[in-house]
There are 2 protein chains.
Amino acid sequence: MSAVDVAFHGLRQMISSGRLAAGQKFPPEADLCEELGVSRGSLREAVRMLSALRVIDSRHGSGTYVARLVPEEIVGTLALTVDLLPLAGLLEIYELRRVLEAHATSQAAAKITEEQGRELLQLLDRMEATSDGHQASELDALFHSSIAAIAGSPTLATLLDVFRSRSRSYQIFDTPDGKLIKATSDAGHRSITNALIARDPAAAYSAAAQHVAQTEHWLRLHQPPVSGAPDRSVAPPAPSRGRSYRRRQLAGSADDQPHR
Amino acid sequence: MSAVDVAFHGLRQMISSGRLAAGQKFPPEADLCEELGVSRGSLREAVRMLSALRVIDSRHGSGTYVARLVPEEIVGTLALTVDLLPLAGLLEIYELRRVLEAHATSQAAAKITEEQGRELLQLLDRMEATSDGHQASELDALFHSSIAAIAGSPTLATLLDVFRSRSRSYQIFDTPDGKLIKATSDAGHRSITNALIARDPAAAYSAAAQHVAQTEHWLRLHQPPVSGAPDRSVAPPAPSRGRSYRRRQLAGSADDQPHR
DNA sequence: TAACCGCAAGTTATCTGATGTCTTTCGAAG
DNA sequence: CTTCGAAAGACATCAGATAACTTGCGGTTA
C-alpha cells in the first residue's frame, strides 16, 4: 500500500464513515498529514485524485471541502475522459446512448408542458433554417439537452450530454453527405417533437431510438478525419513558466513499448 | 490556469492529439516537466488525476503509459465514487439502473445459448436454497452480472456492476422483512430466467424492469441504518509510517462551513 | 449607521533537492 | 543455455521554503 493509497483511502473513509458530510470542510493539510501518516506531497496527490473524481473540492486560500455528492456531478467526470476514447470505444457507447436517449424522450413526453412544447418548436425552426454545420451541431445538442431536462433527471441529462459532446466533435454535418444527413436529421427531430407535443411516450421512444441509431450509422460510415481521437483542443497554450531541468531529446521515445 | 491544470491539459492533449496512442509510454518525468514547464510535484499531481480517471497508468520502476482507453475501464472509475453518494442520490440512479438492466436482460434473451441458460438455472437453484443474507446478495450480484455478460456489452455490464455494488451495501436481506423480500426477489429472478430461456426479449425486459423497481421500492422503505453513506470499509488500517508534523487539535473543526 | 478599504492570519499552491524503492537490462558465471 | 547479480533508469516519498489566494477583522470615510 503506497503512501498515496493510504491517504486516498483515508480521505475517502472520512466521507464514507460519515465523519464528514457533503459540503463540510476537511482539516488543514498539515493536520491531515499527521493523522494519515503521510507527507504533504503524498496527501496532495490523493486530494487531487479525489478532486478529479469530483468527490472533494479544494479551494486555494480557503480549505478543502467535501463536494456536493450529487449523481450528476459524479457522472460529469466522464466528460473529460470519453473525449479520449478511440472511435471503436465510442461506437460501443452508442448502444447506451440509444437506450437512454429513448428513455429520456419518452419520459419527457409524459411530462412536457405546452410552453415547453412551443420552445421546442421554435428551436426546431431555427435548426431547420440554418445551413451552417457548426451551428447545426450546437442547436442539435441544445435540442436534445432540452428534452433531457424536461424528462426531469439531472443525472440522465448529464450522462447524455457527455455522450453527445463526444459525438459532436466529429462534425458529421461537414462531410460530403452533410446535406442529406442534415435533412434526415431534421426529419428525425420533427418526429420526436411531434411525439412530445402529442404527449405520446411510446412514439417518442421509437422516434428518439431511431434518430440515435441513424446518427450511429452515419458515424460508422464516415470515419474520423484523423486517426485516433480527434483533438478538440480545450487546452491552453502552456505559458512559459519553465525553470531549468536537464535536457534530453524525447520525441523519439514515444513509440517504444516494453512487453506487458 | 494553475500549474497542475497546465500539466493536466498538456498530458491530456498528448493523447487527444494522437501523439500518444493507447498503451504507449510517456517520456520520463524530468522530460515532461521541461516540456510542460511545471515542477515535478505539479506534474505528478496531474498524473495522479489522469490515473484516477483511468486514462493513464503509472508503473513504479517502469514508466507512465497511456491506458487501454476502452469504455468499460473509463466507466469503472465510477465504482469508487458512487459508493459515497447519500441515499437520495442513489435513488436517482435507480431510474438509470432500471432502464439499463431491462435493456441488458432483453439483449441477453436474444443472444443466450442453451448452455448459458442451464448455468443460470443452476445459479437460480443455489440462490433459492440459501437463507444467508450475505450469500444471497453475492449470488444476486452474480446472477445479474452473468446476464449482463451474456448481453454482450462490457461497458453496459460494468456500469450495471457499479450501480449494483452500491445497492448491495444496504444488505436489504437483513431487514425485518428480509424473508418476504427474498421470496419476492427469488420469484422475480425466476421470471427473468424463464423469459431468457424462452428467448423472449420483451418478457425479459418487463421482468427485469419490475424486479429493479421492486428493489427500489424496498430500498425506499428501509432507510439505511446509519445516516449518510454506509461504510463498506475497503480501506486498510493506516500503517504507522508517520514522521513528525506539528500537532494541533483537529476533531472540532469538522463542522465549520464557510459560506460558499 | 453603512459602505469601503487595507492589513494580517490562515490555507492551499508551487518549487526544489535528496533519498528510497522497484523494474528492466545485460553480462558473467555455472 | 540457464541462472544470478550488479547497475542503470524510473517512479515514490519526504521535507522545507516560498508564493499566492481567501477570509475576516478593524479602521476609515461618507
Side-chain angles (χ1 to χ4, degrees), chain A residues 1-8 10-11 24-52 56-66 238-250 252-254 256-260, chain B residues 1-8 10-11 24-34 36-52 56-66 238-246 248-250 252-254 256-260:
Chain A
M1 179 77 80
S2 73
V4 175
D5 284 343
V6 169
F8 180 85
L11 291 172
Q24 284 186 333
K25 184 179 175 179
F26 281 92
E29 287 183 346
D31 293 346
L32 287 175
C33 289
E34 158 130 15
E35 177 175 350
L36 299 171
V38 299
S39 75
R40 193 153 165 254
S42 300
L43 173 75
R44 286 182 53 75
E45 288 181 28
V47 166
R48 287 289 186 185
M49 291 174 72
L50 288 164
S51 179
I56 69 182
D57 179 16
S58 191
R59 301 177 215 163
H60 192 169
S62 174
T64 304
Y65 302 80
V66 182
S240 63
R241 354 175 34 219
R243 297 296 189 277
S244 60
Y245 294 89
R246 66 200 147 102
R247 165 53 90 180
R248 218 178 300 172
Q249 63 260 27
L250 58 88
S253 69
D256 51 352
Q257 175 180 357
H259 68 85
R260 33 185 314 176
Chain B
M1 177 78 78
S2 73
V4 175
D5 284 344
V6 169
F8 180 84
L11 292 172
Q24 285 186 332
K25 183 179 177 180
F26 280 92
E29 285 183 346
D31 293 346
L32 286 175
C33 289
E34 158 130 15
L36 298 171
V38 300
S39 73
R40 285 199 300 284
S42 300
L43 173 75
R44 287 180 55 73
E45 289 182 27
V47 166
R48 286 290 186 184
M49 291 173 71
L50 287 164
S51 179
I56 69 181
D57 178 16
S58 193
R59 301 177 214 162
H60 192 169
S62 172
T64 303
Y65 301 80
V66 181
S240 64
R241 353 174 36 217
R243 298 298 188 276
S244 60
Y245 294 90
R246 64 198 148 102
R248 217 178 302 173
Q249 63 260 28
L250 58 88
S253 68
D256 51 352
Q257 176 180 357
H259 69 85
R260 32 184 316 177

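Atom set for the values below is all heavy atoms of this structure, side chains included, hydrogens, waters and symmetry mates excluded. Proteins get letters first, then strands, A, B, ... in listed order; numbering begins at 1 in each.
- Taking atom OH of B:Tyr65 as the reference point, atom C1' of D:dA10 lies 9 Å away to the nearest angstrom.
- The residue among A:Gly61 and A:Ser42 whose nearest nucleotide of DNA chain D is located toward the 5' end is A:Ser42.
- For B:Ser62 and D:dC11, the shortest distance from a side-chain N or O to OP1 or OP2 is not below 4.0 Å.
- Among the protein residues, A:Gly41 comes within range of no part of the nucleic acid, since none of its heavy atoms lies under 4.0 Å from any strand.
- Among residues two or more places apart in sequence or in another chain, the side chain to side chain contact (heavy atoms under 4.5 Å, CB included) test is passed with A:Ala46 by A:Val4, A:Ala7, A:Phe8, A:Leu11.
- Summarising the geometry, the separation between CG on B:Asp5 and P on C:dT12 is reported as 17 Å, rounded to the nearest angstrom.
- Scanning all heavy atoms of the two residues, the minimum distance from A:Ser58 to A:Val47 falls at CB-CG1, 4.4 Å.
- Considering only side-chain N and O atoms, A:Arg44 lies nowhere under 4.0 angstrom from the phosphate OP1 or OP2 of C:dT11.
- Atoms CD1 and CE, on A:Ile56 and A:Met49 in that order, are 10.5 Å from each other to the nearest 0.5 Å.
- Put simply, CE on A:Met1 is 17 Å from C1' on C:dT21, counting in whole angstrom units.
- Distances from the side chain of A:Thr64 to the nucleotides C:dT12, D:dC14, C:dC15 place C:dT12 closest.
- Taking 3.5 Å as the limit, the base of D:dC11 and the side chain of B:His60 contain a donor-acceptor pair of atoms between them.
- For a distance-only test at 3.5 Å, the side chain of A:Arg40 qualifies as a donor-acceptor partner of the base of C:dT14.
- The distance between atom CD of A:Glu29 and atom C1' of D:dA15, rounded to the nearest whole Å, is 14 Å.
- The CG atom of A:Leu43 sits 17 Å away from the P atom of D:dA12 (whole-angstrom rounding).
- With rounding to the nearest 0.5 angstrom, the OG1 atom of B:Thr64 is 8.5 Å from the NZ atom of B:Lys25.
- When distances run from any side-chain atom of B:Ser39 to the nucleotides D:dC14, D:dC11, C:dT16, the shortest one goes to C:dT16.
- Nucleotide C:dA13 holds its P atom 11 Å from the CE atom of B:Met49, rounded to whole Å.
- By the salt bridge (charged side-chain N to carboxylate O under 4.0 Å, His left out) test, B:Arg48 is found to be paired with A:Glu45, residues two or more places apart in sequence or in another chain being considered.
- Put simply, CD on B:Glu45 is 7 Å from P on C:dT14, counting in whole angstrom units.
- Nucleotide D:dA10 holds its C1' atom 12 Å from the CG atom of B:Leu32, rounded to whole Å.
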